[in-house]
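Some notes on the structure that comes next.
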Amino acid sequence: MLRRVLLLLVLPLAVSAQEVTYDNSVLAPGWTSLTFTPPSPSSYTLASFTPAKDGNVINQLQQKTSLHDLYDGKVTLLNFMYTTCTDINGCPLATAVFHKIQQKLSKDPEIGDKVRLLSLSFDPKNDTPEIMKLYGAGTEKHSVDWQFITTKNADVLDPILDGYQQRIIKEYDDQGNYIGSISHILRVFLIDEEKQVRNIYSVSFLHADLIINDIKTLLDPNTKNGTLVAAADTSSKLDAVKSQTSKLSKPGDNKDGYYDRDYESASKSLHRAGKPADLYTMATTKQLGLPEPKFPEGTNLTPKKIELGRKLFFDRRLSHTDTISCAICHVPEMGFAHNELATAVGTEGRSVPRNAPTVVNAGFLSRFFHDARENSLEDQVWGPLLAHNEMANPSPGYLLNKIRSIPDYDGLFEDAYGVGPNMDSVSRALAAYQYALVSGNSPFDKWYYNGESNAISKSAKRGFKIFKGKGNCVACHLVNDEYALFTDEKLHNTGIGFKSSMYVEPPRKKVVLAPGIEVDVDTSVYANDSAFKDEIMPNDLGLYLITQDPNDRWKIRTPQLRNVELSGPYMHNGQLSTLKDVVEFYNQGGVKEVGKMKNETISPLMFPLNLTDNEVNDVVEFLKTLTGSNMDTLVLDAFAAPVGDVSLKDPNWFHDNKLKY
């Protein structure tokens, strides 16, 4: 876990003496963009200067506290201020820099939640808590905490000023009356969670980008609180974005070397330790690169509704055989998809002809399933629950009776929805959990939407240029000015389904029975056996199955691309194993014909792209930058969920508590 960082801001009142002379016609660097590329976070260390001094203060809500209490669990950026300062390179500069820090880190909640800004006035007579509240109005809307504090009087303030070696000169008129101006040297102090001063910024170095990099350096657990170099260069770190952004997302067994006789399984233990997350905050907070959270009328999302939906999502007892949960196909550590199966497997091993797509960020979509047959998460949930080859419940009534008879659901629906389990409350609860599976703030988002030039590699930047230009990927995978879901949610025939429909078994083929053991099979022995038909190559006609319009044959909904590196294999039938396979498929223009059969309804957007091998690799590198920063948080939260182990108290035909009919 990253340590928490506290930014304490104490803004100067009127700055007239500084190392570098600025007047109102020469702006300090903090007002503008950096003219150089700063060192990457964690590529340097931060010295430890001196313990940060304590002192009694009062916040804008008139609550008495201390500096050390405000530093607890965070790292502090401390600057002194007064509200009537007019020097553009004094207090207003510090305020502007902290506004930038607050806005940028609010888009990066994993960092921002560990940061606090404190503005401490050194004019307690005029800057009362009420005045400080007015001065800070509007800053409370951001997720990064920014408090505006003062002291009871000068006697309480002076020891604090001495502790931070802040010297102030109040200006008086000829009659000895204080005229409201204060001269001082502007300093901002970075303080770590151990209450040590780790950096001191003057006007020349008071810039949001520099300060944020220092904060990230302190928060990186690999730097040991900024005392070790963890990365010599950000670009080289990002050569393996997946392992950096999500360390927990991977298949249980990637089957490397499976065709060799000396293959050894890399399967993971079923014992998993998790950590519950604040899913409600995730669901209701805008993340960098994603749209503002919006929910259907009547959703009224609450933590209890999300918690109930999470319990349902992982509960195997929601299947007819008590063996299959939603998470069996949408596996958290596999990108909430399934890395080990091209197409899903339902209860009793029944084949599902389509790949299990990720459900992360599904709450932003308006069309569901590969054929777009549902228009809301609430309606979508009943499809898998009732499908014979998935969870196989014989009817909604059966499942509702079953849930009502499971003791550990007693009162949960009533507490969350005010009614017991019914079709509406079950669908809303399952949807509520999926609304909380939100993951943005990817390396791409930090680069494209937050201007962090070192967030992604040069190869990934070239890949995005191709994605928008020569590759024409944005024709379907949309990128907007404020956010990107990377989908138009329309349906297209790329040829992948057409190719599967035209597939003909060869006379003979090799079948792997076990690692290193394969046999040559005469396919005629099962060619006319209908029981094997769907096992050979499912004939999935896509949207046509919904509309019965021949022009809709093989049309499939455009998937969103976020976290795409985690959610392979790819395409609606899982036929492409790697991202490179996908890019190469589109590079050749899809599939227009198989033998003498023409794909008459192929999308006009499908045509050869003529990408070089290096360009293909660059696009792949770009796609790898779309992994959200909180995926491991979502995975650990999922690991903490109960999986619905069947007890003797649960309804089952061989239990005393079997359903009554």
Margin query: Run the side-chain contact (heavy atoms from CB on, under 4.5 Å) test against Val583 and tell me which residues pass, sequence neighbours left out.
Written below: Leu611, Val616, Val619, Val620, Leu623

Note to self: Just to verify, what does Thr285 make a side-chain contact (heavy atoms from CB on, under 4.5 Å) with, not counting sequence neighbours?
What the structure shows: Thr281

Would you call the rings of [X] and [Y] parallel, tilted or perpendicular, where under 30° means parallel and over 60° means perpendicular?
X: Phe498; Y: Trp554; result: perpendicular
X: Tyr409; Y: Phe413; result: tilted
X: Tyr398; Y: Tyr661; result: parallel
X: Phe444; Y: Tyr449; result: perpendicular

Next item on the list: Go through Met334 and Glu340 one step at a time and tell me if the side-chain contact (heavy atoms from CB on, under 4.5 Å) criterion holds.
Entry: CA-CA 9 Å; Met334 300 186 195; Glu340 298 181 358; 3.6 Å; yes

Donor-acceptor pair, distance only, cut-off 3.5 Å: does the side chain of [X] make one with the backbone of [Y]?
X: Ser319; Y: Ile324; answer: yes
X: Asp632; Y: Lys247; answer: yes
X: Asp637; Y: Ala277; answer: yes
X: Ser427; Y: Asp424; answer: yes
X: Gln560; Y: Phe364; answer: no
X: Glu374; Y: Ser376; answer: no
X: Asn493; Y: Ser603; answer: no
X: Asp488; Y: Thr558; answer: no
X: Tyr417; Y: Ala429; answer: yes
X: Asp650; Y: Ser647; answer: yes

Sub-4.5 Å side-chain heavy-atom contact between [X] and [Y]:
X: Lys311; Y: Leu412; answer: yes
X: Val426; Y: Ile403; answer: yes
X: His370; Y: Ile556; answer: yes
X: Arg373; Y: Phe368; answer: no
X: Asp108; Y: Gln287; answer: no
X: Arg350; Y: His388; answer: yes
X: Asn599; Y: Thr601; answer: yes
X: Thr633; Y: Lys275; answer: no

Note to self: Using the rule given for side-chain contact (heavy atoms from CB on, under 4.5 Å), can you reason through Asn441 versus Asn630, listing the C-alpha separation, both sets of side-chain angles and the distance that settles it, and then say yes or no?
What the structure shows: CA-CA 8 Å; Asn441 193 38; Asn630 67 337; over 6 Å; no

Check: Pairs in or reaching into residues 381-406: which pass salt bridge (Lys or Arg N to Asp or Glu O under 4.0 Å), with residues at least two apart or in two chains?
Finding: Asp322-Lys402

Margin query: Under the rule for ring-ring contact (aromatic ring centres under 6.0 Å, His included), what residues qualify as partners of Phe295, not counting sequence neighbours?
Written below: Tyr435

Next item on the list: For this output row, return yes or no: ring centroids of Tyr483 and Tyr448 closer than 6.0 angstrom.
Entry: no

Checklist line | Worked check of side-chain hydrogen bond (donor to acceptor under 3.5 Å, both in side chains) between Thr627 and Ser246 | finding: CA-CA 8 Å; Thr627 301; Ser246 181; over 6 Å; no

Next item on the list: Output the distance between atom OG (Ser366) and atom CG (Leu377), rounded to the nearest 0.5 Å.
Entry: 10.5 Å

Next item on the list: Give, for atom CZ of Phe336 and atom CG of Asn361, the distance between the pair rounded to the nearest 0.5 Å.
Entry: 11.0 Å

Within a reach of under 6.0 Å around [atom1] of [X], are more than 12 heavy atoms found that belong to other residues, nucleotides or ligands?
X: Gln548; atom1: CD; value: yes
X: Lys294; atom1: NZ; value: no
X: Lys286; atom1: NZ; value: yes
X: Glu378; atom1: CD; value: yes

Note to self: Show every ring-ring contact (aromatic ring centres under 6.0 Å, His included) that has at least one partner inside residues 559-582, sequence neighbours left out.
What the structure shows: none

Margin query: I'd like to know whether Lys490 forms a side-chain contact (heavy atoms from CB on, under 4.5 Å) with Cys476, so could you lay out the CA-CA distance, the side-chain angles of the two residues, the decisive distance to 0.1 Å, and finally the verdict.
Written below: CA-CA 8 Å; Lys490 296 180 181 178; Cys476 301; over 6 Å; no

Checklist line | Working for side-chain hydrogen bond (donor to acceptor under 3.5 Å, both in side chains), residues Asp552 and Thr547 | finding: CA-CA 7 Å; Asp552 290 337; Thr547 67; 2.7 Å; yes

Next item on the list: Go through the structure and list residues passing side chain to side chain donor-acceptor pair (under 3.5 Å) with Asn450, not counting sequence neighbours.
Entry: Glu452

Check: Can Lys624 and Glu621 be said to form a salt bridge (Lys or Arg N to Asp or Glu O under 4.0 Å), step by step?
Finding: CA-CA 5 Å; Lys624 291 179 180 179; Glu621 288 306 306; 3.4 Å; yes

Notebook entry, point to check: Can you check side-chain hydrogen bond (donor to acceptor under 3.5 Å, both in side chains) on Gln575 and Ser500, steps first, answer last?
Noted result: CA-CA 9 Å; Gln575 289 298 298; Ser500 296; 4.9 Å; no

Note to self: Among Leu430, Leu399, Asn393, which residue satisfies the side chain to side chain contact (heavy atoms under 4.5 Å, CB included) criterion with Trp382?
What the structure shows: Leu399

Next item on the list: Walk me through it: do Leu290 and Arg562 pass the test side-chain contact (heavy atoms from CB on, under 4.5 Å)?
Entry: CA-CA 10 Å; Leu290 293 175; Arg562 287 191 171 274; 3.3 Å; yes

Margin query: Could you go through Asp645 and Arg316, starting from their C-alpha distance and side-chain angles, then the distance that decides it, and tell me whether this counts as salt bridge (Lys or Arg N to Asp or Glu O under 4.0 Å)?
Written below: CA-CA 7 Å; Asp645 288 325; Arg316 298 177 297 174; 2.4 Å; yes

Notebook entry, point to check: Do Asp315 and Ser325 get their side chains close enough for a donor-acceptor pair, meaning under 3.5 Å?
Noted result: no

Margin query: Taking salt bridge (Lys or Arg N to Asp or Glu O under 4.0 Å) as the criterion, tell me which of Lys499, Lys555, Arg354, Arg553 meets it with Asp540.
Written below: Arg354

